[in-house]
Amino acid sequence: MKQKFDINRFKDNAFKYFGIACTLFGLAVLSVFLINILIEGLGRLNWQFFTSLPSRKPEKAGILICLLGSIWIMFLTALIAVPLGVASGIFLEEYGKKNKFASFIEINISNLAGVPSIIYGLLALEIFVRILGLGKSLLAGSLTLSLLILPIIIVSTREAIKAVPKSIREASYALGATRWQTIWFQVLPAASGGLLTGVILAISRAVGESAPLIVIGALLYITTIPTSPMDDFAVMPIQIFNWLSRPQKGFIENATAAIIVLLLITFMMNGLAIYLRNRWQKKIKW
Amino acid sequence: MVKDNNMGKLHAEKVNVYYGDHHIIKDVNLSIQENTVTAFIGPSGCGKSTFLRLLNRMNDYIENFRKTGDILIDGNDIYDKKVRVEELRKRVGMVFQKPNPFPKTIYENVVYGLRIQGIKDKSKLDKVVEDSLKQVALWNEVKDKLHQSALALSGGQQQRLCIARTIAVEPTIILMDEPASALDPISSAKIEDLISELKEKFTIIIVTHNMQQASRVSDKTAFFYLGELVEYGATDQIFTKPVKELTQNYITGRFG
Ligand SMILES: Nc1ncnc2c1ncn2[C@@H]1O[C@H](COP(=O)(O)OP(=O)(O)OP(=O)(O)O)[C@@H](O)[C@H]1O
Ligand SMILES: [Mg+2]
């Protein structure tokens, strides 16, 4: 009896230390990477870097175009994917339960979330760029990324809605509310913390994505600031990729500096997501 | 079906409920008079909640739910195709076992049922809030914090708020499924007092596991067992000289 107890205890401890070791390993790799990037790139981060167009000379080049491109993409993608994704999530969770069609869609959506991003690029190249004739525009890029993050938004919308307790819905129905009123006045407000978190994480994923945009042809040397959704564009990850593939040391430095900016953007968005989640959790205790 | 005066406010005739293959409610006939309190008692799982939720059609969303027989309120079949279930629920309110205020302000909780009817008139809403909260004896405790979260209230206060929210819509029947079972004795006593007062205006049906509570608050008692309505009669009679042996055994605590 005693023997068995000790073995279990040993296993318990062993697993604990193994877990700690794994976590530390991950953290160590991440910090080495971050420190490296900071050492190389921090010196390059100045006003000129943010306000300059691409250039053949690394010390004159800047990220103005691709930073603006990324911001454009962020907003356009959000504009397209958020309403579509949230509406689909609501439909599937609240209306589609008993429906064969809905369960078919449901299976497909979970599968779509696992499709490599480059496949979305190929699909978009055919549909948006060629058939719809949108070219290599910001709009085509945003539509592509919208496709990519749509499954993520749908899944997280459903999770957020599912987390709203049944008792709240029942209370609403019992007072004579329709299904839609219950969703609009009770379920969505109560789910908004989780909903926003999901949306922000999905958009930050879109901002860091490059493969599907390369496929649709966004790998361009652009010297004009994009001012409308139909303009050609470049984005941060593609610029980084581009600079990294050059031999000169100066461009590598530019790339690391741009990586710092991109990381900052994603960290900020993740931070915002965490902040929103905590805020809502504090406000709503079931 | 023709209305006759013995049917009362609410009348159930040969009601059966099935969840898939499970026969949950078996041939229940029951008439409830206006402005009375009726207690549903019976062991756990005997179908009290199921029957209660038939009366405001809360079971409609449950998969595999099926019912036969008729339920009439004021002589009208509430399961008729022409009946809008939202309209029915405005007339038949419900209070749940666990207090379930909306994660909104006290004020918004009370006016929710009116807002969804499109009522916007501020002075009207203010008045309803004050009247409803006074009726549930909550006004003095919360009148200075109407615009604070309802979730900050105690359990007993939350349950009275839920009752206020229900009566704000002016139903004629109020269904209560173990409304005091999650509360401390003092809050529970307050709810009981409240039920006795609300009887003047509403027809109340309450599910309870607490025999003392049933005998204190109700005029009539219905004893359910395994989905059947075993005995239904004046509360005094049920608790002092029940006709059926099963009822006798249950109220004296020999099983349950
Ligand atoms: N959604 C459902 N699907 C299938 N069976 C159900 C469902 N809800 C309840 N039942 C079954 O119906 C029977 C009656 O349940 P009900 O909740 O009405 O009992 P109750 O008398 O209210 O019990 P309690 O006193 O514990 O609340 C139980 O056997 C229960 O398992
Ligand atoms: Mg019950």
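Predicted model only: the values in this text are computed from it and were never measured.
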*Asks:* Is a side-chain donor or acceptor of B/Q97 paired with a backbone partner of B/D177 at a separation under 3.5 angstrom?
*Replies:*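 Such a contact is absent between B/Q97 side chain and B/D177 backbone.
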
*Asks:* Given a strict heavy-atom distance threshold of 4.5 Å, which part of B/F96 is in contact with chain A: side chain, backbone, both, or neither?
*Replies:*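 Contact with chain A involves the side chain of B/F96 alone.
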
*Asks:* Which bit of B/R115 is near chain A, if near means a heavy-atom gap under 4.5 Å: side chain, backbone, both or neither?
*Replies:*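 Neither; nothing under 4.5 Å.
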
*Asks:* Highest number of heavy-atom pairs under 4.5 Å with chain A: which of B/M94, B/K104, B/E87, B/Q117?
*Replies:*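 The residue among B/M94, B/K104, B/E87, B/Q117 with the greatest pair count is B/K104.
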
*Asks:* Between B/N35 and B/E200, is there a donor-acceptor pair closer than 3.5 Å when you use the side chain of the first and the backbone of the second?
*Replies:*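 A pair under 3.5 Å: yes.
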
*Asks:* Under 3.5 Å, is there a donor-acceptor pair linking the side chains of B/D126 and B/Y107?
*Replies:*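 Per modelled atom types, B/D126 and B/Y107 side chains form a pair under 3.5 Å.
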
*Asks:* So what's closer than 4.5 Å to chain A heavy atoms on B/V92: side chain, backbone, both or neither?
*Replies:*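 For B/V92, backbone heavy atoms alone lie under 4.5 Å from chain A.
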
*Asks:* Decide whether A/T182 and A/Y173 meet the rule of one side-chain donor and one side-chain acceptor closer than 3.5 Å.
*Replies:*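 Their side chains do not contain a donor-acceptor pair, so the 3.5 Å distance test is not met.
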
